[in-house]
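Heads up: the structure comes next, in structure tokens.
Each ligand, and each atom within it, is numbered from 1 in the order the structure gives.
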Amino acid sequence: MSVTVVGSVALDTVETPWGRNEEGLGGAATFFSLAAANYTTVHLVGVVGADFPKQHIELLQKKSINLDGLERAAGKTFRWSGRYHDDVNMRDTLDTQLNVFEQFHPKLPADARKSKYLFLGNIHPALQLEVLDQAEPAFVALDTMNLWINIQLEELKKVLARVDAIIINDSEVRDLTGHRNLVKGAAAVRALGPRVVVIKKGEHGCLLFHEGEFFSAPALPLENVVDPTGAGDTFAGGFMGYLSQQDATDFSTLKRAVVHGSVVASFTCEKFGPDRLMEIGPGDIRTRYEQFERLSAF
Ligand code: AMP
């Protein structure tokens, strides 16, 4: 079984109250892939520039991520920079340089087209539609952001009509539907297409809505949050990786998948960029999954 992800591969400069990480490996597809690779075969589709360090490629290859769909274009790699507040739930984006991403049109290699599971990372909805036209996966999940909701709503609605699941944060639900109440918001999102709605609430965990049922998973209370960048994409990687590994999308598998998403996301926050994700393996995931079970059983 395998999962294909299309999204950004970046060089991130991040400042948090604990320090600064200059031009480190980042990007939504990177975090997603490193998380999902703990569960299944991952095909990464994206683009980097000529300046993208060779050692980052080697790190991704070491995690057995298939990079046949990672284009190397002339020009500079996508760059993003952000600064976190003392309350690390809050961050300001300081700079976004699209660079090679500006001309990017995703091309899925043959094996990536065959994946039964597909994740559309947070890219322009028109590009997400281009991806959907190249494959016929059994289960597609989507991420988006306030920017696309605000400036590309009609295009985004076309994508929503064609996906099975959306993984979205609480403020995006409000922007997309106008509902502050997340139960009403989730119902309004489902009316746009996806039958599965996962709402992330940062350190307060997440909600899963599926047909008439819903489920709430906590986030692990962490003592050391060093850098939450990529936690959302890591969550999506754990979620989709687990579904692909189990090859099932019934409610009970979906519930375990959101817990796996929360488990891998909790690791991401403990070090800068994907550093902590690089260190962990299935044994660490199992131990923390059991911690989650104890945390939420009563
Ligand atoms: P998250 O913390 O889950 O929102 O993910 C942050 C990651 O998304 C960083 O590694 C960035 O490189 C990447 N990113 C930020 N803005 C964009 C954007 N406009 N398009 C694609 N990727 C982005």
Side-chain angles (χ1 to χ4, degrees), residues 5-16 21-36 44-49 52 56 59-60 70 76-85 88-104 106 119-128 131 141-152 156 166-172 175 198-203 206 219 225-240 261-262 264-278:
V5 53
V6 184
S8 59
V9 176
L11 294 174
D12 286 350
T13 297
V14 176
E15 283 175 45
T16 82
N21 189 27
E22 186 90 26
E23 302 222 324
L25 173 60
T30 303
F31 286 103
F32 179 98
S33 300
L34 288 169
L44 189 164
V45 178
V47 63
V48 292
F52 192 68
H56 291 340
L59 280 175
L60 296 170
L70 182 65
K76 288 172 81 177
T77 300
F78 172 81
R79 279 165 170 75
W80 176 81
S81 136
R83 183 188 294 135
Y84 286 84
H85 296 208
V88 287
N89 292 306
M90 290 170 66
R91 79 173 176 209
D92 301 318
T93 290
L94 301 179
D95 192 25
T96 303
Q97 296 172 26
L98 291 177
N99 298 331
V100 290
F101 227 78
E102 213 156 348
Q103 303 297 327
F104 176 57
F119 183 67
L120 300 171
N122 165 29
I123 51 176
H124 193 295
L127 296 187
Q128 294 178 324
V131 176
L142 160 89
D143 183 20
T144 191
M145 67 195 288
N146 299 79
L147 174 71
W148 306 129
I149 296 170
N150 294 334
I151 67 169
Q152 291 292 336
L156 180 61
I166 182 166
I167 303 174
I168 190 169
N169 68 37
D170 42 6
S171 76
E172 291 160 352
D175 279 10
V198 179
I199 304 179
K200 297 169 289 177
K201 299 186 296 161
E203 65 174 339
C206 70
V225 175
V226 172
D227 172 16
T229 306
D233 308 306
T234 310
F235 176 96
F239 175 79
M240 289 294 281
S262 306
V264 282
S266 73
F267 285 111
T268 298
C269 301
E270 292 177 333
K271 287 193 174 176
F272 274 105
D275 288 359
R276 185 76 180 107
L277 271 185
M278 296 288 183

Against heavy atoms of Ser8, which atoms of ligand 1 measure under 4.0 Å?
-> 13 (C), 21 (C), 22 (N), 23 (C)
For ligand 1, which atoms sit closer than 4.0 Å to a heavy atom of Gly27?
-> 9 (C), 10 (O), 12 (O)
Can you list the ligand 1 atoms lying under 4.0 Å from a non-hydrogen atom of Ala10?
-> 12 (O)
Per-atom contacts of ligand 1 with Asn122, taking only distances under 4.0 Å to non-hydrogen atoms | 20 (N), 21 (C)
Which residues pass the salt bridge (Lys or Arg N to Asp or Glu O under 4.0 Å) test with Lys76, sequence neighbours left out?
-> none
Please examine the side chains of Ile199 and Ile168, heavy atoms only from C-beta on, and report whether any two atoms are closer than 4.5 Å.
-> yes
Salt bridge (Lys or Arg N to Asp or Glu O under 4.0 Å) involving Glu203 - partner list, sequence neighbours excluded | none
Given side chains that start at C-beta, do those of Leu44 and Val9 come closer than 4.5 Å, heavy atoms only?
-> yes
Give the ring-plane orientation class for Phe239 versus Phe235, where under 30° counts as parallel, over 60° as perpendicular and anything between as tilted.
-> parallel
Within 4.0 Å of some non-hydrogen atom of Asp12, the atoms of ligand 1 are 9 (C), 10 (O), 11 (C), 12 (O)
Looking only at distances, please establish whether an N/O atom of ligand 1 is found under 3.5 Å from an N/O atom of Asp233.
-> yes
Out of Thr16, Thr229, Val225, which one pairs with Cys269 under the side-chain contact (heavy atoms from CB on, under 4.5 Å) rule?
-> Val225
Relative to the ring of Phe119, is the ring of Phe32 parallel (under 30°), tilted (30 to 60°) or perpendicular (over 60°)?
-> parallel
Those atoms of ligand 1 less than 4.0 Å from some heavy atom in Arg91 = 1 (P), 2 (O), 4 (O)
Atoms of ligand 1 close to Gly26 [distance to a heavy atom under 4.0 angstrom, numbered from 1] = 10 (O)
Given Phe235, Phe78, Trp148, which one has a non-hydrogen atom that is nearest to atom 14 (N) of ligand 1?
-> Phe78
Spacing of Asp175 atom CG and Asn150 atom CG [to the nearest 0.5 Å] | 5.5 Å
Closest protein heavy atom to atom 15 (C) of ligand 1, given as residue, atom name and distance to 0.1 Å = Trp80 CD1, 3.5 Å
Atoms in ligand 1 flagged as close to Gly230, the criterion being non-hydrogen separation under 4.0 Å | 1 (P), 2 (O), 3 (O), 5 (O), 6 (C)
